[in-house]
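Let me begin by presenting the structure, written as C-alpha cells, before commenting on it.
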Amino acid sequence: MINVGVIGYGYWGPNLVRNFSEAKETQVVAVSDLSQERLALAQRRYPAIEVSTDHRDIFADSRIDAVAVATPVSSHYELAMGALKAGKHVLIEKPLTESSEQAIRLVDEADRRNLVLMVDHTFVYTGAVRKMQDLVASGELGDIYYYDSVRVNLGLFQHDVNVIWDLAVHDLSIMEYILPLQPHTVSATGVSHVAGQPENIAYLTLFFDSDLIAHIHVNWLAPVKLRSTLIGGSKKMIVYDDLQPSEKVKVYNKGITVNNGAESRYQMLIGYRTGDMWAPHLSVTEALQAEVQHFARCLDKGETPVTDGHAGLRVVRILEAATRSMAAKGQPVELNQMRVIA
Ligand SMILES: NC(=O)c1ccc[n+]([C@@H]2O[C@H](COP(=O)([O-])OP(=O)(O)OC[C@H]3O[C@@H](n4cnc5c(N)ncnc54)[C@H](O)[C@@H]3O)[C@@H](O)[C@H]2O)c1
C-alpha cells in the first residue's frame, strides 16, 4: 500500500484525495491546507486522515511515500522540491512550475534521488485523448496537417496567471501527448479587458519542423462553453468535443486529393473525398482514477510516468514562450533559444 499526503484541499485537491482513497494501491494518510475550514471538511469526509496547516508535517511523516501538490502554481516549486528533498515521490498539479528554470531543477532533483515526479496533465488519462493518440500513432489519420483547438467559457478570472497558463495548458498537454513532433516556435496574441489583470483572451500559433501547424484559442470571457478540437490528417480527420456526454471523438474519412498531372500549376485540380464518419468506443474510467493507478504502478515497478517531469517542462517552456510572444504583440519566439525573432 502506498501512503499519500496531499497538500492543498481547495477546489482540485478533494478530487485527488477521493481518487487516492478509492484506489486499491494507495491510501491518503494526511492532508495539509492553510485553511482550517478546508481541513475540517476533509476530516468530516475522511475521519481517519490526519490534518495540518503546516505542510512540513507531511514531509516529516515517515509513513508517507508520496506527496500530491494541489496548491496555486506560485507554490508548486517550493512544495515539490521540499517533498523530493524529504525523499517523497511527487504528483504535482498542472502547470508543473512558474518557470522552466524551476521545472528543470525539479526534474534534476527527482532524477538524482531516483524518485517519481509526475505532473497531473489530467486530459492525457481520458479515454478520448488516449484514443486520439492511438489513431495518430497508428497512422490512421495519415500525415498530421493541423491541430486546432477552442477552449472558452465565462470562466473564473485568475489574478496570478493569464488565460494561457490556466486554460491553454490543457491543450498543450494533450497536443504534446498526441502529436508526433514538438513545436519549435510559438506566436501568441492576447489582451486583458480588466485593467491591471492578466490577459483573459489569447490566440496561440505553434510551428513545427513540417507543414504541421497548431492553433489554440482560449478565453475566460465567452458567453458559452466550448471545448472542441479538430485534428486534420492527410487520410482522415478528427473532431473532438469534450462536452458531448458520449461520442466525444468522431473520425471523418474526408479529405482532398491533389491532381498534379495538369500542365501548369494554375491548372492543379483539387478533388474532394467524402466517406464514412465513425465514433470509436472510449474508456469511461475517470481520468484521475487511471492517473492514480499509473502513478502507483510507476512507484511500484520503477516505470516512467507518461506525464513525467520532462513532459511538464516541455509544456512550461511553451507557456513561457507564449507569454513572452504575447508581450511582444505576437512576435514569434523560438522554444530552444527562447528569443523573440525580430
Ligand atoms: N488538473 C486539472 O484539471 C485541474 C483543475 C483545477 C485546478 N488544477 C490545479 O490545481 C492547483 C490548485 O488549484 P485550485 O483551483 O484547487 O486552487 P484553490 O485556490 O481552490 O485551492 C488551493 C488550496 O491550496 C491551499 N494552500 C495554498 N498554499 C498552501 C500551503 N503552503 N500548504 C497547504 N495548503 C496550501 C489553499 O489554502 C487552498 O485551499 C493549481 O495548480 C491548478 O492549476 C488542476
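Keep in mind that this is a model prediction, so the values were computed, not measured. What's counted below: heavy atoms across the whole structure, side chains too, no hydrogens, waters or symmetry copies. Every number for a ligand or one of its atoms is a count from 1 in the order of the listing.
Using modelled atom types, one finds a donor on one side chain and an acceptor on the other under 3.5 Å when comparing H159 with Q197. Checking D143 against Y145 by side-chain atom types alone, no donor-acceptor pair falls below 3.5 Å. Residues S74 and D160 have side chains that never bring a donor and an acceptor to within less than 3.5 angstrom of each other.
For atom 2 (C) of ligand 1, the choice among Y11, Y9, W165, W12 with the nearest heavy atom turns out to be W12. Scanning T122, L39, D54, V69 for the heavy atom closest to atom 1 (N) of ligand 1 points to T122. Of the listed residues (D33, V31, D160, L288), the one carrying the non-hydrogen atom nearest atom 37 (O) of ligand 1 is D33.
A salt bridge is defined here as a Lys NZ or Arg NE, NH1 or NH2 lying under 4.0 Å from an Asp or Glu carboxylate O, and R317 with E320 fails to meet this definition.
Here is the list of ligand 1 atoms found below 4.0 Å of a heavy atom in I7: 32 (N), 33 (C). The ligand atoms of ligand 1 that sit less than 4.0 angstrom from a heavy atom of G10 are 20 (O), 21 (O), 23 (C), 39 (O). If you number the atoms of ligand 1 from 1 as listed, the ones under 4.0 Å from a heavy atom of P72 come out as 22 (C), 24 (O), 27 (C). Below 4.0 Å from some heavy atom of D120 lie the following atoms of ligand 1, by number and element: 1 (N). Of all the atoms in ligand 1, the ones that sit under 4.0 Å from a non-hydrogen atom of H76 are 41 (O).
At the shortest separation from atom 26 (N) of ligand 1 among protein heavy atoms lies T71 CG2, 3.7 Å. Protein heavy atom nearest atom 43 (O) of ligand 1, with residue, atom name and distance: K94 O, 2.8 Å.
Y125 has its ring centre less than 6.0 Å from the ring centre of H294.
The aromatic rings of F20 and F295 lie perpendicular to each other, with more than 60° between the two planes, well past the 30° mark. The aromatic rings of F123 and H170 sit perpendicular, their planes meeting at an angle over 60°, well past the 30° parallel limit.
Not close to ligand 1: E78, with no non-hydrogen atom less than 4.0 angstrom away. In this structure, H121 has no heavy atom closer than 4.0 Å to ligand 1.
Inter-residue side-chain proximity for L115 and H89 is flagged as met; some heavy-atom pair is nearer than 4.5 Å.
Not a single N or O atom of S75, backbone or side chain, sits closer than 3.5 Å to an N or O atom of ligand 1.
Protein heavy atoms are absent from the space less than 4.0 angstrom from atom 13 (O) of ligand 1.
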